[in-house]
Structure formats: C-alpha cells, structure tokens
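Numbering of ligands and ligand atoms starts at 1, following listing order.
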Amino acid sequence: MKEKLHALYAKAMEEVASLNTSDEQISKSLEDFKVKYLGKKSELVSIMKEMGSLSKEERPIMGQLANDVRSKIEKAYGEAKEKVSKLELAAKLQAETIDVTLPGKCIAPGKAHPISAVQSEIEDIFIGLGFEIVDGPEVEYDYYNFTALNIPPEHPARDTQDTFYINSNVLLRTQTSSVQIHVMENKKPPIRVISPGRVYRSDAIDATHSPMFHQVEGLVVDKGITMGDLKGTLELFSQNMFGENTKIRFRPHHFPFTEPSAEVDVSCFACGGKGCRLCKGEGWIEILGAGMVHPDVLKRCGIDPEEYSGFAFGMGIERIVMKKYNIDDMRLLYENDIRFLSQF
Ligand code: PHE
C-alpha cells in the first residue's frame, strides 16, 4: 500500500507539472486532473478503501501517509490552478491591448440646415425680447388663411397667394399670418408671439420661388401699441440679426389685414448701404412685411379695437438665408447635397 501511495504521488506530481504551460485546453486539463486524483472515484479513494485489510498498527501510519499524499496533491493542484489563471489573464490582457497612440475613428458631426439655423437665430432674438413661440396648422381652413385676414372670397389678394386646396374649405396655408387668428381667438392681450413654420403656394420652382417655403410671423397686441413699437422691435431684431450698425427703412405698402402697412428693408450688411452686388446697387435689402393689425381683424377675434391695438410682421426665412450666405439659387436649399450644405 505504501508503494501504491508513493507511486500515485509521483504520477500526480509528474502530471501536474506538465499542466503548467499555457494552453487553451489548460482549464479543462486542470479539471480532469482534479477528478482523477482528488475526486470521489479517484485512485486515492480506492487505495484508502483497502485500509480495512491492514493491521491495527499499520492502519494509522498508512492513514497518515494517505492524508499526506492527498494534501500534497491538493497543494500542487492549487498552485497549478493559480499559475494557470495568471497565465490566462496575461494572455487575455495581451490580446486585448489597446494602442492609445493609434488615430481614432473620425465621425463627422452633423449640423443644422441653414434654414433651421437661421430660424433658431430668429427665435432666440425674439425670445430675448420677451416673445413666446407658437405653432399653427399647415393644413388650414380658408377662414384662418384668408377670410379672417380681410381676404374674403373673390378678393384679388387670393390670386397672388394661390395654393393647394384639400377641398373648397381646407387648404395648405399660404402665410403664417393665419396663426395670428388662432392666437387672438385663444388668448386675451397682452399678446407677444412669433410663429415660424412652412407655408405653401402653387408657384413654379425657379431660383427665387418654391411651392413650399418658411416664414416667421410676429404679433403683438396690447393697450397703447403704436407703430413706434413696431419700428423699435424690428430695429432691435435687425441689429441683432445683421449687425449693430444695421438701419431699417419702412416703405408704404398694402396688406389687407394691416393698416397702415409697410414693407421693411434693412441696410445692406455686405456693403453697409453703399450699394453692391448683394443689394443690387440699392444699399437696402427687403426682408419683411409689417403693419398695424386692422381693427376688423381684432374685432373678428373678440378683441375691442377701441381698447387694444397691435402690430404684426412676417418674414421669409429662405430670403434671409440666401442674403446672409449669398446664395443665389433657392433650389440649392432643398436638394440636401452635403457638399453644398457643409459650407455653412
Ligand atoms: N403674410 C404676409 C405675406 O406673406 C406678410 C405680413 C405678415 C405682412 C404680417 C403684414 C403683417 O406676404
């Protein structure tokens, strides 16, 4: 029995030594080793079963020896296991090494389309002046787009703003002025809002026309609002938008829903007013329509024109984008060609 135990021990030591190499199968071999030498069906266990046939004197000596062998094998197994896991970790770290000096993957960040960028800029300026931003429907009733704005059926202004009709009563809005009516129907003065959004007209596409474009509407209604407030507001806006030396100019005009009405120009921000290609030698660039809200429009929305007055203005975003970035063909703004858009 003693010989058997010694032989077993020697065999186990030989085998465990051969395990101490780094090899993909190593964990599996370790497991096999454990089962073979330390498991319930191991050779050691069967040797120990022979213990019963030993004499009283021999039994404790052999028991001691068997225990010795067992604990030595266990120790060797533990050491081998630790060594293997160290080797495995080292191999893993080696395989997963990151070279921090390699160039990174370059993901080009996107940015706002020039129309959205200018719209946000306009919104920021008016928010700074205490305005609220409101939304309105693009699919609109005839009443809000025309009739409520003093443009009844058969009015000639309908010809200049022909649009797409869903049916005889519902259309795609031609101007954000329709939002004025919604706001005044739902809110009592003081009112101070702007409303940006898409508008539609059945125009043929060319360098300066598109059947869909963007406007920003402005509306202020309160007690004692005058044309001076309109001028001051638009002057502040223009100086923030186009530069602090920008001047504005009002030219008399006609809109059915404002009285008096004006077209508003800003001094050319390219030449400062001397005259250049951008302003076509004029020194001025037309940017918006404006006026004092017509008393009939106020009345229709349940606001007493004897008590309240207001001003409104509307500007085309594309026009401002084109002037600001010196773009001479509007179609470029809708083609979404990244080579064009990435310039801004
Ligand atoms: N809605 C007008 C247009 O599209 C612009 C405008 C808005 C004029 C508000 C006066 C007041 O031409």
Starting from [atom], locate the nearest protein heavy atom and write down its residue, its atom name and how far away it is, to 0.1 Å.
| atom | answer |
| --- | --- |
| atom 11 (C) of ligand 1 | F257 CE1, 3.5 Å |
| atom 2 (C) of ligand 1 | Q175 OE1, 3.6 Å |
| atom 12 (O) of ligand 1 | F255 CE2, 3.9 Å |
| atom 4 (O) of ligand 1 | Q215 NE2, 2.9 Å |

For ligand 1, find out whether one of its N or O atoms is nearer than 3.5 Å to an N or O atom of [X].
| X | answer |
| --- | --- |
| S177 | yes |
| T258 | no |
| Q180 | no |

Is the shortest side-chain N to carboxylate O distance from [X] to [Y] below 4.0 Å?
| X | Y | answer |
| --- | --- | --- |
| K86 | E82 | yes |
| R192 | E132 | no |
| D203 | R201 | no |

Indicate whether the side chain of [X] and that of [Y] have a donor and an acceptor atom separated by less than 3.5 Å.
| X | Y | result |
| --- | --- | --- |
| Q215 | Q175 | no |
| N326 | R277 | no |
| Q239 | E235 | no |
| Y334 | E318 | yes |

For ligand 1, the portion of R201 having any non-hydrogen atom under 4.0 Å away: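 Near ligand 1, R201 shows its side chain, while the N, CA, C and O stay back.
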
S261 and ligand 1 - part of the residue with a heavy-atom distance under 4.0 Å: neither

With a cut-off of 4.0 Å, which atoms of ligand 1 are near a heavy atom of G314?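 Heavy-atom distances to G314 below 4.0 Å select 6 (C), 7 (C), 9 (C).
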
For F313, take its heavy atoms, then give the atoms of ligand 1 lying under 4.0 Å from any of them. 7 (C), 9 (C), 11 (C)

Between K231 and F250, is NZ or CZ placed under 6.0 angstrom from the six-membered ring centre and within 45° of the ring axis?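 Output yes; distance and angle both within limits.
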
